[in-house]
Amino acid sequence: MSEAKQTEVKKIVIIGGVAGGASAAARARRLSETAEIILFERGEYISFANCGLPYHIGGTIKDRNKLLVQTPQSLYERFRIDVRTQTEVTSINRENKEVTVYDRTSGKESVESYDELVLSPGAEPFKPPIPGIDSKGVFTLRNMRDMDIINEYIENERPISAIVLGAGYIGLEMAEALRLRKLNVSIVELAPQVMVTADPEMAAPIKQQFELHGVDLRLNTSITGIIEDGDNLSVHLNTGEMVQCGMIILSVGVRPEVKLAREAGLEIGERGGIVVDEHMKTSDPHIYAVGDAIEVTDFVAGIQTLIPLAGPANRQGRIAADNIFGRESVYKKTQGTAICKVFDLAIAMTGMSEKNLVRTGRKYEKVYVHPATHATYYPGAVPLSLKLMFDPENGVILGAQAVGLQGVDKRIDVLSVAIRCGMTVYDLQHLELTYAPPFGSAKDPVNYAGFVATNVMRGDSHICHFEDVTHVKENQFLIDVRTPKEYNAGTIPGATNIPVDELRERISELPRNKQILAFCQVGLRAYIACRILTQHGLTCSNLTGGYKTYSAFMEALPEPGKEIVCNDAGQTDTSCGAPE
């Protein structure tokens, strides 16, 4: 739409800054020099890098001011936006198109009119109803002030130990930050795994990374009570244990902050977020909502969900401003593409997890590959574990997860674009990705995953999974095609060792009336073994991902009676139907 046909808007009021609100304000000014734009923020800061807060606490980002993306002064000087910090909007009068505003500094209340209203209240940390939860030394981390309070407490009180309650993104990042500050750290997590948005076998290396760095992991565990005990906190666990620590970080998830919207009569969805259409418009035609407070549509599943991420919030703010000025702009759903650093490792994901595929009843197949991040002959190559999920009927990519020391972000970003474009595993074979020995391989891990998945789709390779090799049936025969040295170092119980290079000469040792389940370290040698056996008239299936994936599953196995958490908001939920 041309500038001349743009809708005239006199006054825009934005509630809340950071990613969504600040983006909406800046975009609105770029579209109109004449509109009056007011941004209310109840805190001290209107635009800061909240994802960077743990890294300042840990000392990686030393200069606190580098976290400030925009200040009220900079927004006014460049965009002439009227920013009012320490100012809270307490109610919305939709009929009169007014908001009631409370100045937290002066204590005065006033009324502000609007033509169009944008809500960007974000999400608030969930505080479980634990006795003693409000004790001194118990903290949440949402904003700059929270960060400052935690830093001041560490510097002044000199705690020796800390407990992080919850092993989601913030919990894992804070555990690392506190460990870097030389505190003894324990993570208490009700689920049987860390990083509940990932599948358990993919999160297993993260667990090992924490153990390597001296973090005490208490999975399948919760806090039942907190008691102030002098300078320490006595923490009661559901296991019956009582442990002491100097501080507690609460990181059990977030939930949309919708109090203002609910009291105004705006529609709230089943997941607890504000309902918006594809133009970011709420049930009121003059009120828009963006960011962590809204429900979004999952790109793959097509269901409503909550995915609090900074990237989507920025885009949503821009889209809301476009539509306020009559520009047709649509938000095209959320994939949940995310990454987390844990000491030396990174774990990333995009699209649907296997847990969510099971929960929604979507048919899928999966493959695992463990290639090197770049050419193995160039120094510094390290393994990368990649899981790819796809539709078994048409090969459409449904989701991917990766974990490793290097190159995780690059591969998941490529697969995120592939999902967005509706690509299939066949397409992954033909992607032309950058290659030079220091950066990649002639056959990139993404290509490699495409080759493996395409072989499955075409019937050139039959695969089996962890459940198959741990529950071998009477009509199946399990073989380990690695070397005797590898076999003796550890194998799957019940496996017979026949190295792939000896297989042709030893085929007579295999029962022809049974299905052969073959495995090696990562899947390549077993694939070759199955190709040999198939052409000699035997039926063979290859354990995708090999013994390495089997070991990750074994590391991730929950205790009997426990299930995997897959609540999108990070809160406890044992009803997601995780795979056995």
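Because the structure is predicted, anything quoted here is derived from the model rather than measured.
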Check against salt bridge (charged side-chain N to carboxylate O under 4.0 Å, His left out), Glu354 and Arg359: CA-CA 8 Å; Glu354 183 176 2; Arg359 182 165 62 108; over 6 Å; no

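- Closest of all the heavy-atom pairs between His370 and Ser385 is ND1-OG, 2.8 Å.
- Minimum interatomic distance between Ala175 and Phe210 (heavy atoms only, all atoms of both residues): CB-CE2, 3.8 Å.
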Working for side chain to side chain contact (heavy atoms under 4.5 Å, CB included), residues Asn488 and Lys485: CA-CA 5 Å; Asn488 291 330; Lys485 183 179 179 179; 5.9 Å; no

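- With Glu41 contributing its side chain and Gly16 its backbone, the two residues share no donor-acceptor pair below 3.5 Å.
- Between Lys207 and Glu189, no side-chain nitrogen of the basic residue sits less than 4.0 Å from a carboxylate oxygen of the acidic one, so the salt-bridge criterion is not met.
- Within a 6.0 Å sphere centred on CD of Glu241, heavy atoms belonging to other residues, nucleotides or ligands number more than 12.
- When all heavy atoms of Glu555 and Ala204 are compared, the pair lying nearest together is CG-CB, 3.8 Å.
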Step-by-step side-chain hydrogen bond (donor to acceptor under 3.5 Å, both in side chains) determination, Arg181 to Asn151: CA-CA 10 Å; Arg181 295 289 292 268; Asn151 267 333; 2.9 Å; yes

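- One finds the CG atom of Leu388 at 10.5 Å from the CD atom of Glu365 (value rounded to the nearest 0.5 Å).
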Steps toward side chain to side chain contact (heavy atoms under 4.5 Å, CB included) verdict (Ile187, Val215): CA-CA 7 Å; Ile187 296 176; Val215 175; 3.9 Å; yes

Worked verdict on Tyr550 versus Tyr547 for ring-ring contact (aromatic ring centres under 6.0 Å, His included): CA-CA 5 Å; Tyr550 166 85; Tyr547 188 72; 5.5 Å; yes

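- Counted by atom type alone, Asp480 and Thr491 present one or more donor-acceptor pairs between their side chains at under 3.5 Å.
- Remark: the Ser186 side chain and the Asp216 side chain contain an N/O donor-acceptor pair separated by less than 3.5 Å.
- Looking at Ser251, its side chain does come within 3.5 Å of a backbone N or O of Gly171 through a donor-acceptor pair.
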Trace of the ring-ring contact (aromatic ring centres under 6.0 Å, His included) decision for Tyr153 with Phe139: CA-CA 10 Å; Tyr153 187 86; Phe139 307 94; 5.0 Å; yes

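- Side-chain contact check for Leu178 versus Ile154: some heavy-atom pair is nearer than 4.5 Å.
- For Ile160, the CD1 atom counts as loosely surrounded, since its 6.0 Å shell holds 12 or fewer non-hydrogen atoms of other residues, nucleotides or ligands.
- Side chain of Arg411 to backbone of Thr373: a donor-acceptor contact under 3.5 angstrom is found.
- Checked by atom type and distance alone, the side chain of Glu467 never pairs as donor or acceptor with a backbone atom of Val469 at under 3.5 Å.
- In this structure, a donor-acceptor pair under 3.5 Å is absent between the side chains of Thr224 and His236.
- Shown are Ile397, Asp298, Ile419; of these, the side chain to side chain contact (heavy atoms under 4.5 Å, CB included) with Met352 is made only by Asp298.
- In terms of modelled atom types and a separation under 3.5 Å, the side chain of Tyr487 and the main chain of Ala495 share a donor-acceptor contact.
- Between the side chains of Asn238 and Arg218, no donor-acceptor pair is found at a separation under 3.5 Å.
- Arg271 and Gln304 form no side-chain donor-acceptor contact under 3.5 Å, judged by distance and modelled atom types alone.
- Using a 3.5 Å distance cut-off with no hydrogens or angles, the side chains of Glu201 and Tyr368 do pair a donor with an acceptor.
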CA sep, side-chain torsions, deciding dist, call: Arg42, Glu257, salt bridge (charged side-chain N to carboxylate O under 4.0 Å, His left out): CA-CA 13 Å; Arg42 67 183 173 193; Glu257 192 163 319; 2.5 Å; yes

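- Across all non-hydrogen atoms, the minimal contact from His56 to Lys62 is CE1-O, 3.3 Å.
- The closest side-chain heavy-atom distance from Val194 to Val342 is not below 4.5 Å.
- Around the OH atom of Tyr435, the shell of radius 6.0 Å holds more than 12 heavy atoms that belong to other residues, nucleotides or ligands.
- In this structure a side-chain-to-backbone donor-acceptor pair under 3.5 Å is present from Asn447 to Leu431.
- Under the 3.5 Å distance criterion, the side-chain polar atoms of Asn314 are matched with a main-chain donor or acceptor of Ala310.
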Side chain to side chain contact (heavy atoms under 4.5 Å, CB included) between Leu190 and Asn220, worked out: CA-CA 4 Å; Leu190 184 59; Asn220 299 310; over 6 Å; no

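- Looking at Glu44 and Thr85, their side chains never bring a donor and an acceptor atom within 3.5 Å of each other.
- Taking each heavy atom of Tyr364 and Leu398 in turn, the nearest pair found is CB-CD1, 3.9 Å.
- Side chain of Arg142 to backbone of Ala123: a donor-acceptor contact under 3.5 angstrom is found.
- Proximity of Leu250 to Phe126: side-chain heavy atoms (C-beta onward) are nowhere separated by under 4.5 Å.
- Separating the CD1 atom in Ile170 from the SG atom in Cys51 is a distance of 7.0 Å, to the nearest 0.5 Å.
- In this structure, the side chains of Leu415 and Leu386 come closer than 4.5 Å at one or more pairs of heavy atoms.
- A donor-acceptor contact closer than 3.5 angstrom links the side chains of Gln335 and Ser416.
- Side-chain N or O atoms of Asp229 include none that pairs as donor or acceptor with a backbone N or O of Asn232 at under 3.5 Å.
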Audit row: Glu173, Lys341, salt bridge (charged side-chain N to carboxylate O under 4.0 Å, His left out) steps and yes/no: CA-CA 7 Å; Glu173 291 167 353; Lys341 173 188 174 294; over 6 Å; no

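- Using the six-membered ring where Trp is involved, His213 and Phe343 have ring planes that are parallel, under 30° apart on the 30 and 60° scheme.
- Within the 4.5 Å cutoff, the side chain of Met195 has no heavy atoms near those of the Ile206 side chain.
- Proximity of Thr297 to Ile303: side-chain heavy atoms (C-beta onward) are nowhere separated by under 4.5 Å.
- The shortest distance between side-chain heavy atoms of Ile412 and Met349 does not fall below 4.5 Å.
- Asp199 and Lys387 are joined by a salt bridge, as a carboxylate oxygen and a charged side-chain nitrogen come within less than 4.0 angstrom of each other.
- Side-chain atoms of Ser353 and Gln401 include no donor-acceptor pair closer than 3.5 Å.
- Thr544 places none of its side-chain heavy atoms less than 4.5 Å from the side chain of Cys464.
- In the model, Thr549 has no side-chain atom that pairs as donor or acceptor with a side-chain atom of His465 under 3.5 Å.
- Heavy atoms only, all atoms of each residue included: Ala372 and Ala381 are closest at CB-CB, 4.3 Å.
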Derivation and outcome, side chain to side chain contact (heavy atoms under 4.5 Å, CB included), residues Val367 and Ile463: CA-CA 8 Å; Val367 295; Ile463 58 174; 4.0 Å; yes

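- Side chain of Asn542 to backbone of Gly523: a donor-acceptor contact under 3.5 angstrom is found.
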